[in-house]
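Data first, discussion second: the structure below is written as structure tokens.
Residue numbering restarts at 1 for every chain, and letters A, B, ... go by the order of the sequence lines. For the numbers below, each heavy atom of this structure counts, side chains included, while hydrogens, waters and symmetry mates do not.
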Amino acid sequence: MAHKLVIVESPTKATKIGGYLGAGYVVESSIGHIRDLPNNAADTPAKIKDKPWGRLAVDVDNGFEPYYVVPRDKKSHITKLKQLLKDADELYLATDEDREGEAIAWHLLDELKPKVPVKRMVFHEITKPAILAAAENPRDIDMDLVEAQEARRILDRLYGYEVSPVLWRKVMSGLSAGRVQSVATRLVVDREWERMAFRSASYWDLEATFDAGAAGGDSGPRMFPARLHTVDGARVASGRDFGTDGLLKDPAGRAESRPVHLDRPRAESLAAALSDTTYDVRSVESKPYRRSPYAPFRTTTLQQEAGRKLGMSAQVTMSVAQRLYENGFITYMRTDSTTLSGAAVNAAREQVRELYGSEYLPDAPRTYASKVKNAQEAHEAIRPAGDSFRTPAQTGLTGDQFRLYELIWMRTVASQMKDATGQSVSVRIGGTAATGEDVVFAAGGRVITFHGFLKAYVEGTDDAAAARDDQETRLPALQEGDAVTAASVTPSGHETKPPSRYTEATLIKELEEREIGRPSTYASIIGTIVNRGYVYKKGTALVPAWLAFSVVRLLVEHFPRQISYEFTARMEDVLDDIAAGRRDRVTELAEFYFGSGDVEGLKSLVEGLGDIDAKGLATFPIGSPEDGISLRVGKYGPYLEGPGDDGAPAGKRANVPDDLPPDELTLEKAKELLANPAGEERSLGRHPESGLEVVAKNGRFGPYVTEVLPEDAPKSAKARTGSLFKSMSLDTVTLEQAVQLLSLPRVVGVATDGEEITAQNGRYGPYLKKGSDSRSLAAEDQIFDITLDEALAIYAQPKARGRGASTAPLKELGNDPVSGQPIVVKAGRFGEYVTDGEYNATLRKDDSVESITLERAAELLEERRAKGPAKKTSPKKTAAKKTAAKKTAKKAPVKKAASKKS
DNA sequence: CAGTGAGCGAGCTTCCGCTTGACTT
């Protein structure tokens, strides 16, 4: 029987809508995007792979035409959708009504190629009337909106896939750059620079406790605290009067309004001079206090509050919320909207009446306009699901799900409650010191007379010192002219603090305010910059690694427009224009990629970076130039370089501990590290023969042992060294092993021709050496074990030209349909590969020796053949190749070190 | 950042936004 096929984005949504639409409709989901630009080389179709733009999968020379593929994990789902479409007489594309949703609808249309009528259907809340109304009022796909999405997608691809390789070449392999992650990293790095440049200021004031005596009346407390406010009419300086340089800010030259900066002696003498002072109330100012409820949750505010109150990371918050959503407890959790549906407003109001009484219920429902500038509002706010809310106790939930549900429920209910109201009072108390100075103290109070929504929900704060919205401070009921006495007057010292590091929650908040990122990506942005080793977490703080300083500096110097804080906001404006048909996608992408007028395009920026100063980018001076100390971001992590004992530049080096935050690397700390570069080294004891201390430490080529030469050793003396075997580790290597390593090379014996054969460890592993003739050994242990006879046997063989010739195939697959040659699988230096004897092709990520078939092998070899025969090695080419190989080999351990941090 | 000698099948890394399981620990 024919049905109408409805496709939405989320499976949960599909189930729900299916229930509303009833018989005659089959509702399925797309599970997000169904097509995308290929992620990597393995997913890139062969026909575009060899194009100059194949790596981008965007034909930059022909209208930025994108080449989409159905990702591997979506193929079976597409088959399923096609199957359902076969029996359908109508197709409804009911994806979200935003840029991405419109694009998904179009991709579905383009991929499913339906032969039945197609309609676009949209709705913003999942209620039966809304769904039925949407089904009654379909529209067409908005191609301008699709164009805007494609422009966004292509721009992000060009940005990410053009700029990342610059970092691979200039900083470290495997790094990444992107419109969102690079700005997020920059925020963290810039904040650290601010902290490093920050100079603390010390200032003092007086804290007094006053006694209102009989004047206070009966309602309030008798005793109350106050802080010194003015001395002889001049305001006493407080934290906000100081700049980041630790000096008083100059209030535009007006001397009379300049605050007075008290130091400790001044504060102490002033306190002493106030011991006999009598005080009177100079003024009492009372103002009404009013606070409105917070808007219902959207993704970012939920992540922030769950972080503050429940200690959940953004990622945990999202996964707990996902489970709540899937089980029907809350509405969709990836949203930028704070709008509640009519049903939700009614449910919240009903709950307010039930739980708090109608005096807490405003006459009219409250509405919340979006604060998010680029909000797309495809969903509701995050709220308890349903037309009537379950209290947390009624849900039967436990653990994190319970706690998160409770938070969402409280926030939603509170959003439909009355304002909190009260009075805030500011009191000034004056007196004359023994020195004749007139002093005024200030006291502030806040009384909440009607708690309103605060009874249900109070937002957390990021700053532990900040007052919560429901905090009350009661003062006695004082009148102007009342006499009060001071129970105590105490000098109190303070210091200004550097700006705080970002936490996940505050970084996400900052990104949202700058229109960077989307609800579905906020949590993963943090994940990306942590995984790349740009940022690590210390408690809840996000600390930038030195690597991030290097990368951000490169981007700021060479891609200033792309990494500017405003880039995304400007892009959003352009996308809006494309969506409205006012601008053209190709023109905009061309400007971004090729440039126009005085704007340089991305392409020429990238191409112009041949002689970029990688060393300079990685060097950060510590202290002043005379100190000659700098931090360098090396391939092996950050290290310090400073003058040697003889004053030679870069004469000394020292590792910087991985977990030392950049702002703690002061000049003093740097000097200390340079003076004791020992760092990781471990003493193993004294060498039984030389009597010298033997230490194990990490070096350029990995872990090794060496002798420590005495201070008075002649300059020509060289310490013996030896790399650890792969089977050894720095933590466990023994003195005995070290002595053996230091004894290398070992003389195995004398060959028949009179030449000595030695065994040792080198750049490419263990090997034998006879004059200039060397042979690799299979195992490191052979360096100590191999006998002269065995060594002679090795030399009796001709030198192996590569390992390929001698290794046995792992698997034989049969004859190649093209060359007719047998294809075999072999294990090689770069991993497993297939070969027909002439051409070799490495297995790809998804291939394995077990699973590979003759067909797949033939395909790989065909691809390889298409690239032509291996180039004849000219001397120049060989040299270039060698360097490249060396680089990769060296880089490998770095990646490990970086990922270890996370 | 310790200096020690070959000659080898390269190929891949990466973006941002939509969505969930399917994987393994």
Roughly how many Å is it from [atom1] in [X] to [atom2] in [N], rounded to a whole number?
X	N	atom1	atom2	value
A:E162	B:dT13	CD	P	16 Å
A:F592	B:dC15	CZ	P	15 Å
A:Q562	B:dC15	CD	P	17 Å
A:R55	B:dT14	CZ	P	12 Å
A:Y833	B:dC8	OH	P	13 Å
A:N531	B:dT14	CG	C1'	13 Å
A:Y839	B:dA10	OH	P	12 Å
A:Y639	B:dA2	OH	C1'	14 Å

Mind checking [X] for me? I need base, sugar-phosphate or nothing, with any heavy atom below 4.0 Å counting as a touch.
X	answer
A:S776	base
A:P745	nothing
A:L175	sugar-phosphate
A:S164	base
A:Y767	base

| Which residues pass the ring-ring contact (aromatic ring centres under 6.0 Å, His included) test with A:Y68, sequence neighbours left out? | A:H107
| Any residue meeting ring-ring contact (aromatic ring centres under 6.0 Å, His included) with A:Y332, in chain and number order, not counting sequence neighbours | A:Y325, A:H379
| said: Strictly distance-based, threshold 3.5 Å: is any side-chain N or O of A:T44 a donor or acceptor partner for the main-chain N or O of A:N40? | reply: yes
| query | Is A:R35 close enough and on-axis enough to A:W106, meaning under 6.0 Å and within 45°, for cation-pi? | reply | yes
| request: Flag this pair as yes if the NZ/CZ of A:R157 is under 6.0 angstrom from the six-membered ring centre of A:Y161 and inside a 45 degree cone about the axis; otherwise no. | output: yes
| request: If a protein heavy atom is under 4.0 Å from the base, mark B; if only from the sugar-phosphate, S; if neither, -; do that for nucleotides 16-22 of chain B going 5' to 3'. | output: BBBBS--
| message | Please determine whether ring pair (Phe, Tyr, Trp, His ring centres under 6.0 Å) holds for the pair A:W53 and A:Y67, giving the CA-CA distance in whole Å, both sets of side-chain angles, and the decisive distance to 0.1 Å. | response | CA-CA 11 Å; A:W53 44 266; A:Y67 282 75; 5.3 Å; yes
| field | Face-to-face stacking of A:Y161 with B:dC15, centres under 5.5 angstrom, angle under 30° | value | no
| task | Examine B:dT13: is either OP1 or OP2 under 4.0 Å from a nitrogen or oxygen in the side chain of A:N40? Give yes or no. | result | yes
| Do any side-chain nitrogens or oxygens of A:S176 fall under 4.0 Å of OP1 or OP2 in B:dC15? | yes
| query | Between A:D73 and A:K75, is there a salt bridge with N-O shorter than 4.0 Å? | reply | no
